[in-house]
2 protein chains.
Amino acid sequence: MQNSNHPIPTVYDVAERAGVSRGTVDRVLYQRGRVSEQSRQKVLRAVEELQYKPNSNASRLARKKEYLFSCIIPQFNEGEYWGEINNGFLEAAALLSERGVRLRLHFYDQTDVKSFLAESNAALDDKPCGIIMNAVFRDEVTLFSQQLDELGLPYAFIDNKIDETHYALYYGVDPYKSGELGAWLLSLRFPPKEIALVRLLRDSSQRADPNRPRRHGFTDYINKHFPDCTVHTVFIDPKDSCSTQKTLEKFFAEHPGIRHIGMTNSRIYLLEKYLSKHPDPERIVVGFDDLRKNLDCVKKGYVSALVTRHIPEQSKLLLTDFAESVISRRAPKRRDHYVHMDILTRMNLDNY
Amino acid sequence: MQNSNHPIPTVYDVAERAGVSRGTVDRVLYQRGRVSEQSRQKVLRAVEELQYKPNSNASRLARKKEYLFSCIIPQFNEGEYWGEINNGFLEAAALLSERGVRLRLHFYDQTDVKSFLAESNAALDDKPCGIIMNAVFRDEVTLFSQQLDELGLPYAFIDNKIDETHYALYYGVDPYKSGELGAWLLSLRFPPKEIALVRLLRDSSQRADPNRPRRHGFTDYINKHFPDCTVHTVFIDPKDSCSTQKTLEKFFAEHPGIRHIGMTNSRIYLLEKYLSKHPDPERIVVGFDDLRKNLDCVKKGYVSALVTRHIPEQSKLLLTDFAESVISRRAPKRRDHYVHMDILTRMNLDNY
DNA sequence: AGAAATTGCGTGCGCGTGCACGCAAATAAA
DNA sequence: TTTATTTGCGTGCACGCGCACGCAATTTCT
């Protein structure tokens, strides 16, 4: 609690106590201009004794400095994963705006390397004081991050990262562990004999496979704990619900023993139609990520559990933390933030 | 994105556009002093057209107004539930300090009504602009809230609340639902035939029983879904680990069939000693709240799952939201915040 | 020794608001 | 009509800090 006898000290108080002028205090605090060693010590002592902290409101008012951050993330449709990430960024930006933080967004096409290159260049043209991105195209992102290193521009990764780069900050889940958690949930109720792992067809132009680590976490867990269990893989087309339906009908007709279904990408909602047409009280379905549509599936009982983190929270925390560290010119306390994985079931869905 | 041609408008811009002086703009914005209807309209229009928002940094600098909030919560030892709540308050206060928010804390003894009365009076003496409390002693809290209503002082409840009062804000979990969730988790793996519900002995002076709703959620769920299951209640003494140990030994010796153990208060860690001495791979143990010691028990495998919310998050959000609404003099968007219940197991514990 | 450059430091101004003071015009009272 | 009162409104100052200007004292160069 603030001692009411001693009101909050200002530069004037520090200057007076040190026997110098405000300007000198200013020079000492911000290493601006030349100061004799003697006055420097006096000022530092006065700052220490008075516990002086600059008034951030006055400081920002006088400085009028803006901090621009550029984000390079995949395009999205309303309600999709990257849309939620985007919402988190916007929320954080609104909160930080009074501290002079500005945001510029760049969306690229995940299936098109060139669009990533274009957007990363556009981001540089913004002359930002920090860049936030994800890492779908490993080679290009690595190259880009080297460019940023040379420019001395700090950058942060969201959702996934490239360990070999000098990123300042990372927020995301540990994808491998989240896969394990999903497999654990799937097998919690009774041991699986056969599992359907549903995957998405992707056109050949898409080189990246961002879900690999999570899928491996999933299958490794199953193989380790249930060595006799077979994992069947089915591919469905995310753009064609009709063919998806046919594929699933056919697949499950051929494998009537399957009671466990998992999907390691964020689109478990694509199964809704099939699941609703073929109810099975014994079936267990596990998916990932708290998309609106996924939550609906849990609510309706088609999906037993989702593994997720609060998606917008993740990007909100990243921007807040990143901005804080850039503004204060201090490295963040922690570099890697593997955010907590939530387990969502119909029992704890209401207030998410 | 901010249009760079039109820099952020100031009162001067508004005044000029409305053809009046800064003082007049100020008067209409804050309903201070007298203004002719004609100028009022002109100013309001200019504000609208320019999308004028006062610069919060300049505003706070000039105003120098402080907002004091007083919290009245139970005493605690390091690492206990209310300690975590307290940490959340402190964290929020640190973040809000530059907006002029100050915090004053009052701790009372949960077993002593008089200490609550003393602390609530002390809180009033602070002359705060808002009060945060929990509701252990229903009658006394109800009386106190009536007093606050008369004074026109807004108050918020944390953790639990009294519906009949005119509280401005509430953050907490739905205790009944959390009890249900705990029971669901306990019975997830295989249907329970016998359950041990471990409770704490409380001295007769303690009238309040804050865990009742949660316990009822728990037992109701079991009775509804497993009508043939018997729920045994065991009382242990939280202050005497030796007697606790004896009680548990005796109880479980008499009921060798029990594979399900639940505890609806926050002290599942009190069972650690017993559980570690009597390992049982089939046993399922469910507790509540993410106390450090509870997390350790999950990590070591003694406890299968915890139902919790991130405790400090809850108080942090409450203070942030409450301060925001008091400062802006607007009612909060939502009054009741039943925060999300997390499910914690050894699979998703690492980054909590 | 005188001129030129460098070092150390004090001061003034502006950032955008909030608020109090006080002036002029309009109205009411004498 | 003169004086008192009210209404409407403009202006000045302070908030605490960042920054630039410029003066005086000291050192370096010719």
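Proteins get letters first, then strands, A, B, ... in listed order; numbering begins at 1 in each.
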Nearest-angstrom distance from the residue atom CG of B:N57 to P of D:dG16: 15 Å
Flag for A:H340-B:N351: side-chain donor and acceptor within less than 3.5 Å: no
Rounded distance [0.5 Å steps], CZ in A:F69 versus CD1 in A:I131: 10.5 Å
Interatomic spacing from CD in A:E84 to NE2 in A:H310 - rounded to 0.5 Å: 7.5 Å
N/O (side chain, B:T24) to phosphate O (OP1/OP2, D:dG8) under 4.0 Å: no
Separation of C:dG16 P from A:E98 CD (nearest whole Å): 16 Å
Atom-pair distance (NZ on B:K53; P on C:dG18), nearest Å: 14 Å
Interatomic distance where CD belongs to A:Q31 and P belongs to D:dC19 [whole Å]: 13 Å
Exceeds 12 heavy-atom contacts within 6.0 angstrom, atom CD of B:E37: yes
Distance below 4.0 Å between A:Y12 side-chain N/O and C:dG10 OP1 or OP2: no
B:E98 atom CD: more than 12 heavy-atom contacts under 6.0 Å: yes
salt_bridge(B:K161, B:D336) N-O dist < 4.0 Å: yes
From CG (B:L318) to OH (B:Y170), nearest 0.5 Å: 10.5 Å
Atom pair distance, as rounded to whole Å: CG in B:L61 and P in D:dC15: 9 Å
D:dG18 phosphate, OP1 or OP2, under 4.0 Å from A:K65 side-chain N/O: no
Identify all pairs in which a protein N or O lies below 3.5 Å from an N or O of nucleotides 19-22 of chain C, and state each distance.
{"residue": "C:dC19", "atom": "OP2", "partner": "B:R32", "partner atom": "NH1", "Å": "2.6"}
{"residue": "C:dC19", "atom": "OP2", "partner": "B:R32", "partner atom": "NH2", "Å": "3.2"}

Stretch residues 33-43 of chain A: residues that reach within less than 4.0 Å of DNA chain C through a heavy atom: A:R34, A:V35, A:S36, A:S39
Difference in axis direction between the ends of the helix from C:dA1-D:dT30 to C:dT27-D:dA4, five pairs, 10°: 60°
Residue B:Q75 excluded, over 12 heavy atoms near CD under 6.0 Å: yes
A:N86 side, atom CG; A:E91 side, atom CD - distance, nearest 0.5 Å: 11.5 Å
Nearest-Å distance for atom pair OH/C1', residues B:Y52 and C:dG18: 10 Å
Any donor-acceptor pair under 3.5 Å from A:R335 side chain to A:Y167 backbone: yes
Short side-chain N/O contact to C:dT17 OP1/OP2 from B:S59, under 4.0 Å: no
Interatomic spacing from CD1 in B:I311 to CD1 in B:I85 - rounded to 0.5 Å: 6.5 Å
Residue pair A:L317, A:H337: steps toward the side-chain contact (heavy atoms from CB on, under 4.5 Å) verdict: CA-CA 10 Å; A:L317 288 173; A:H337 293 256; over 6 Å; no
Whole angstrom value for the distance that separates P of D:dC17 from CZ of B:R60: 15 Å
Short side-chain N/O contact from B:K64 to OP1 or OP2 of D:dG16, under 4.0 Å: yes
Most 5' of A:T10 and B:G19 on DNA chain D, judged by nearest nucleotide: B:G19
